[in-house]
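Structure first, commentary second.
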2 protein chains.
Amino acid sequence: MEDREARLAESYRLSSLLWRVTQRTMADFAAVVESFDLPVPVARAVLSLGEPTPMRELAGRLRCDPSWVTSLADDLERRGLAERTADPSDRRVKVLRLTGEGAAVRDRLAEAVARESTVMRRLDGGDRTALEPLLERLLDD
Amino acid sequence: MEDREARLAESYRLSSLLWRVTQRTMADFAAVVESFDLPVPVARAVLSLGEPTPMRELAGRLRCDPSWVTSLADDLERRGLAERTADPSDRRVKVLRLTGEGAAVRDRLAEAVARESTVMRRLDGGDRTALEPLLERLLDD
DNA sequence: TATTGTTATACTCTATAACTATA
DNA sequence: TATAGTTATAGAGTATAACAATA
């Protein structure tokens, strides 16, 4: 069946394209983040802290080990971007909360990432409208 | 202008979606590659060696420092996947060339990456056809 | 003198295991 | 006994700088 061959060839092309887009997306992100003088992991944490978040939950969101969140929290506090605050209902839990400056950085960072993204620079309105549902489907669980 | 606001909101959504797709694509790749018992950087090198390639050129393709290619080449040789061969026209240059086994691994790896990709598992034929030109536009230079 | 690859070294990102305080 | 966070340590991935061989 040539059908199977054709589908395999298509999937080669697509997976290779998607991989290259992935590389470019990461490079874009790294470049923006560097202009903010932030390491990439710290910037990821800032963007994930729209709401005050228990450290454990942040680890889940970042898909990393909780011990790594300790290092991130230390770094965020050193930079004055976030603070560990107490959870009134469970004294084991520390809730990570952006400071005023952290929230401001987060807003500017999110805007810069969006503005500088390849998606914004390379796709017109129609393309972007077409892309969104496709990306959503790629994230379906 | 509300138009500007709407476009910014769209670009927030899209850049966040694209970032999450990026994370997923990398996780997919890492999972496939682990099933081949290869470190991710070695697998990337194997996939980049469709043609015998001078080490310097491979560094460019992988966007890494040439000294890192030395380590990759050592690892590839240890695994019997590639060999350094001489360039007849310039004795400074070493051309990295997949062995028979390396080429076989490369074929199986490319097929597994394509087959296991989120794109293949989540998108139907129509979606894939729509996605391809969008990804190509994202890679335009 | 400029370029290719190598070596030695150091830095960033991240996980594992053992620990402490609390539940 | 189980869970949240911490500490110490180790490992993967990668760059920088100095170097040897060749151009």
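Lettering of chains follows the sequences in order, A, B, ..., and the numbering in each one begins at 1.
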Please give, in whole Å, the distance from [N] [atom2] to [X] [atom1]?
X	N	atom1	atom2	answer
B/F29	D/dG13	CZ	P	12 Å
B/L38	D/dA12	CG	P	14 Å
B/D65	C/dT7	CG	C1'	13 Å
B/L62	D/dG13	CG	P	13 Å
A/L58	D/dG5	CG	C1'	13 Å
A/D75	D/dT6	CG	C1'	16 Å
A/L72	D/dT6	CG	P	11 Å
A/D37	C/dT12	CG	P	13 Å

Is any side-chain heavy atom of [X] closer than 4.5 Å to a side-chain heavy atom of [Y]?
X	Y	answer
B/E132	B/R128	no
A/L76	A/L49	yes
B/E136	A/V21	no
B/L62	B/S48	yes
A/D28	A/E116	no

*Between A/D140 and A/R137, is the closest basic N to carboxylate O distance under 4.0 Å?*
no
*Could you walk me through whether B/L96 and B/E83 pass the side-chain contact (heavy atoms from CB on, under 4.5 Å) test, one step at a time?*
CA-CA 6 Å; B/L96 218 49; B/E83 291 165 343; over 6 Å; no
Which nucleotide sits closest to the side chain of [X]: [options]?
X	options	result
A/C64	C/dT6, C/dT4, C/dA15	C/dA15
A/P41	C/dT16, C/dC13, D/dT16	C/dC13
A/T70	C/dG5, C/dC13, D/dT7	D/dT7
B/R84	C/dC13, C/dG5, C/dT6	C/dT6

*Annotated protein contacts, base or backbone, on nucleotides 18-23 of chain C with a non-hydrogen cut-off under 4.0 Å, one of B, S, - each*: ----BS
*Quick one: the side chain of B/S67 and the base of D/dT16, do they pair up donor-acceptor inside 3.5 Å?*
yes
_Comparing B/K94 and A/P39 on DNA chain C - which has the more 5′ nearest nucleotide_ = B/K94
